[in-house]
Amino acid sequence: MDPRDTAPDSWEQEDDVEATIDGQLDSALLSLNVNAKPFVPNVNAAEFVPTFTGNAHSESEDSVGNCRVFGVPVIEVVLENGDSELTTEEPWDQIEAEPNEKEPGGGPRGDREPSMAATTEETAPEMMEEEEETPAPKVPATQPDAPKKEHINVVFIGHVDAGKSTIGGQIMYLTGMVDKRTLEKYEREAKEKNRETWYLSWALDTNQEERDKGKTVEVGRAYFETDKKHFTILDAPGHKSFVPNMIGGASQADLAVLVISARKGEFETGFEKGGQTREHAMLAKTAGVKHLIVLVNKMDDPTVNWSLERYEECKEKLVPFLKKVGFNPKKDIYFMPCSGLTGANLKEPTDMCSWYSGLPFISHLDSLPNFKRSSDGPVRLPIVDKYKDMGTVILGKLESGCIFKAQQLVMMPNRHVVELLSLLSDDVETDDAQPGENLKLRLKGIEEEEILPGFILCNAENLCHSGRTFDAQIVIIEHKSIICPGYNAVLHIHTCIEEVQITALICLVDKKTGDKSKTRPRFVKQDQVCIARLRTAGTICLETFKDFPQMGRFTLRDEGKTIAIGKVLKLVAERD
């Protein structure tokens, strides 16, 4: 056994062993002028170099001794059990402790020596990188008496690589939600991966896979505030494989921003038949988005160079299609040029674009009229996501009604009675919530495994309808062959995704006159409108379109394509 590990027979014996070491140190320690006013060590001394280069061995010895004898070959100054020299060491300890308390991240030497400042600056970013892996968004300070700003949910949609995440990241930087230092860190990391232009999108694409591939997979969330309004950014994925995620994001939005790339070739790819520009615009309309802002991005590209001709060309191609989807070009659509990478025309007008006379993007959002919301209606909160965090936490947008802390609510369709323990609106704790707010709710009385996305939180006095069979009006948008009774597809209704079967075709509807056919059709094909009876595989929550539009409109998808959109006309009671 190591003699150092065993206790001595007497403490006097231990002192004798240490006496020889103390004797050697006496002359060295007493010759140091510890009371000198500015303590500037000779950093060029040969003995100092190994301890300063971050050598693990010397660092550990430094921390054990808790004092540094610069210029002295003996490093271990461990004074035990009330040695006489302890009094001379006290000022050293105090000098040591002060910078450590002030700057925990700045290394043990603090700002004591001006000559070391450069090196501590170099090491600081490395230490901070671990802490800053997922930067917490800044929460704007609000006065307790200030009226609540109107909440608006903005979904960014468009073809893959149009620049949705980059614009979102740039807006967060311009509104002060992401600081410059974090962006510089992202820029450095992106450069290492030879992806210099991707760094802004990393503010929203926090997943490592999303960063490596440069493609958003899940709907990114962030928020920013203007003078009048509070905005939640929903950054939807553009890739066709992740359209179901995009539908979930669009179902929470009040306002859609369709991002298109003005770069030669990119706009055409996104807009032709297989592109996501068309599909996303249509899905946004189906999800209940009334207002659409079209951002013509990448105007700073060398192939475009802020050209009015290219801007007008994109506009001319888009307007007829958006009109066909159901947007009114005069009231619902607003076009504007911008550059997500440089931030031009997002917050401030740009000199490069003298032909555009409208407001920049953020100012335009602020000037929009207020949305009408039914705060006195029944409570309806479709669940988007759920997870465990000191209890059961759910995410969703409050569609109607008001909720408050400690309120008893019912989770449909399972009829679980739950209690609200706490409410977070965009990561800020609050006691109550108004319609339109994106919320995180901590619930009591239900396990996380018992909840699925698509469930609805309601008040007990006015429960939402649930069932499996319903009649709906359907518009077939894209389907190569005919659709007959027995056809299976995937139903997307509010935040719910469920297998569905068309059990019967009731009648065809004339597109122009709205007249219904007298006979039952045997099949329907592309561009036809019909009323059909649908039956889902499991029980879902839904309402008729007339009573509650947000929960009465749906999309049918099959083989990765959106084949039909529709609205619920009538709920059919289940036969026992």
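The model shown is predicted, which means the values in this text are computed figures rather than measured ones. Positions are given from 1, in the same order as the sequence printed here.
Of all heavy-atom pairs spanning I167 and C338, the tightest one is CD1-SG, 4.0 Å. The two residues V178 and Y173 make their nearest non-hydrogen contact at O-CD1, 3.6 Å. Contact record, G538 with R468: O-CG, 3.5 Å, taken as the closest heavy-atom pair. Closest non-hydrogen pair, L463 versus R415, comes out as CD1-NH1, 3.2 Å. Taking both residues in full, the closest heavy atoms of E399 and P382 are given as CG-CD, 3.7 Å, listed atom of the first, atom of the second, then distance. The minimum heavy-atom distance between P453 and V384, with the atom names listed, is CB-O, 3.6 Å.
Of the N and O atoms on the side chains of Q526 and H479, not one donor lies less than 3.5 Å from an acceptor on the other residue. One side chain, S425 or E437, offers a donor N or O that lies under 3.5 Å from an acceptor on the other. When only modelled atom types and interatomic distance are considered, T182 and D179 share a side-chain donor-acceptor pair under 3.5 Å.
The side-chain contact (heavy atoms from CB on, under 4.5 Å) search around S261 returns R263, E266, K298, not counting sequence neighbours.
Rounded to the nearest 0.5 angstrom, L420 CG and L457 CG are separated by 6.5 Å. Within the model, atoms CG of D235 and CE of M246 stand 11.5 Å from one another, a figure rounded to the nearest 0.5 Å. Going from atom SG of C530 over to atom CD1 of I476 covers 5.0 Å, rounded to the nearest 0.5 Å.
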Enumerate, atom names and distances included, each donor-acceptor pair closer than 3.5 Å involving a side-chain atom of residues 388-398, sequence neighbours excluded.
unit_1	atom_1	unit_2	atom_2	d
K388	NZ	E449	OE2	3.1
D389	OD2	R442	NH2	3.4
T392	OG1	I446	O	2.9
T392	OG1	E448	N	3.4
K397	NZ	Q252	O	3.2
K397	NZ	D254	OD1	2.9

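Relative to the ring axis of F321, R278 places its NZ or CZ within 45° and under 6.0 Å from the centre.
Of the candidates L365, I362, T175, I152, I362 is the only one forming a side-chain contact (heavy atoms from CB on, under 4.5 Å) with T226. Residue V524 forms a side-chain contact (heavy atoms from CB on, under 4.5 Å) with just one option from I483, I474, I502, V529, and that option is I483.
For K229, the NZ atom counts as densely surrounded, since its 6.0 Å shell holds more than 12 non-hydrogen atoms of other residues, nucleotides or ligands.
You'll find the ring centres of F548 and H494 outside the 6.0 Å limit. Residues Y334 and H364 place their aromatic rings such that the two centres sit under 6.0 Å apart.
Ion pairing between E189 and K185 holds under the 4.0 Å rule for side-chain N and carboxylate O. The pair R557-E279 counts as a salt bridge, with a side-chain nitrogen and a carboxylate oxygen less than 4.0 angstrom apart.
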